[in-house]
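Quick notes on the structure that follows.
First the proteins, then the strands, lettered A, B, ... as listed; each starts at 1.
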Protein chains: 2
Amino acid sequence: MPKLTAQRQAILDLINASNRHWDADEVVRALVDAGASIGIATVYRGLAALESQGLIDSIQLADKKRYERADKAHHDHMVCTGCGHIEEFSHDTIEALQEAAAEKKGFKLTGHQLVMFGFCRKCRQELHT
Amino acid sequence: MPKLTAQRQAILDLINASNRHWDADEVVRALVDAGASIGIATVYRGLAALESQGLIDSIQLADKKRYERADKAHHDHMVCTGCGHIEEFSHDTIEALQEAAAEKKGFKLTGHQLVMFGFCRKCRQELHT
DNA sequence: TAGCATAATGATAACTGTTATCATTATCGT
DNA sequence: ACGATAATGATAACAGTTATCATTATGCTA
Ligand SMILES: [Mn+2]
Ligand SMILES: [Mn+2]
Ligand SMILES: [Zn+2]
Ligand SMILES: [Zn+2]
């Protein structure tokens with residue numbers, strides 16, 4: 001039952017107005033640039049609070065956590081190691097097979113994260129140039 | 001072309017003799033406890049070198065990187081959020097469908113990581129007790 | 001509406017995992 | 001054995017994140 005304060009509303013609005021995957025630093029910089037007064041600690045706490053309420057989603061990449069809108073259907077991610085571009089995809093069969101694999105091992109699933117690495121269409125071309 | 005020094009051989013032997021997923025700290029503690037003289041920086045560099053030569057594998061979990069033997073077939077992981085136990089599984093169909101999903105988005109895949117979270121058989125029982 | 005309990009804020013310290021620095025030591029080909 | 005090259009290890013530095021704590025805002029309740 002965390003509060004939806006002005007700061008948290010600003011974070012939520014920022015994320016909801018985009019299709020990006022934001023890290024904490026990008027969020028605080030965007031808000032400060034937009035004239036808001038907010039500290040990095042508040043952003044970290046706000047992001048955690050919003051996520052715990054299901055208002056935003058997150059993915060944990062190697063170095064840092066990134067947040068995105070929660071009003072999209074579940075999906076997984078492809079990260080381009082060339083330019084950082086993040087592509088989204090969803091695959092019902094993969095999801096179902098994961099559930100089956102967990103079942104077979106006696107696991108009660110609570111979540112999963114599938115990240116694929118590679119080169120996006122654009123970076124792929126630049127490779128063999 | 002990194003060298004396989006005594007320290008790196010010790011790291012490799014330790015990992016190859018087990019089925020665990022080791023973090024750097026566990027490795028240095030195990031080696032020091034076994035009488036070896038090795039520093040944490042050397043372990044970090046050794047692990048990176050061994051991985052770059054394909055002699056060990058790694059998975060990047062939320063907080064830290066964990067290393068394991070490379071002489072097993074490719075597999076993915078289920079992590080028990082109750083006790084930390086890591087279960088391995090492999091699923092050819094999931095692998096194939098990933099490749100197909102990447103293709104559809106124009107991605108040239110170089111790798112992937114699928115981690116499932118949940119409760120292992122043991123922790124599951126303790127839950128409804 | 002004033003008073004109060006409770007929670008959030010923000011500056012900053014602290015912490016964790018990891019990489020960089022640098023003087024010293026080991027390794028390997030000649 | 002010599003010398004170039006790479007590895008080692010103690011430790012500083014770094015990045016992302018969480019903890020601390022004094023201050024401020026929020027929302028009940030009387
Ligand atoms: Mn996404
Ligand atoms: Mn494994
Ligand atoms: Zn790209
Ligand atoms: Zn467990």
For residues 6-17 of chain A, which residues have at least one heavy atom under 4.0 Å from DNA chain D?
none

Out of C:dA8, C:dT18, D:dG16, which nucleotide sits closest to the side chain of B:K64?
C:dT18

Taking only the side-chain heavy atoms of B:R45 (C-beta and beyond), determine which of D:dA7, C:dT21, C:dG10 contains the nearest atom.
C:dT21

Would you indicate, yes or no, if C:dA26 has its OP1 or OP2 atom less than 4.0 angstrom from a side-chain nitrogen or oxygen of B:T5?
no

To the nearest Å, how far apart are A:L47 CG and C:dT9 P?
11 Å

In whole angstroms, the gap separating P of C:dT18 from CD of B:E26 amounts to 11 Å

Distance only, no hydrogens: is a donor on one side chain within 3.5 Å (strictly under) of an acceptor on the other, for B:Q7 and B:T42?
no

Quick one: do the B:E26 and B:H21 side chains pair a donor with an acceptor below 3.5 Å?
no

Indicate, with yes or no, if B:V28 and B:L55 share a hydrophobic cluster defined by side-chain heavy-atom contacts under 4.5 Å among Ile, Leu, Val, Met, Phe, Trp and Tyr.
yes

Heavy atoms under 4.0 Å, any strand shown: does B:D25 hit a base, just sugar-phosphate, or nothing?
nothing

Which heavy atom of A:R66 sits nearest to which heavy atom of A:I86, and what is that distance?
CD-CD1, 4.3 Å

With the threshold set at under 4.0 Å for non-hydrogen atoms, list the residues of residues 29-43 of chain A touching DNA chain C in residue-number order.
A:S37, A:I38, A:G39, A:A41, A:T42

Between B:G46 and A:L4, who's closer to the 5' end of DNA chain D by nearest nucleotide?
B:G46

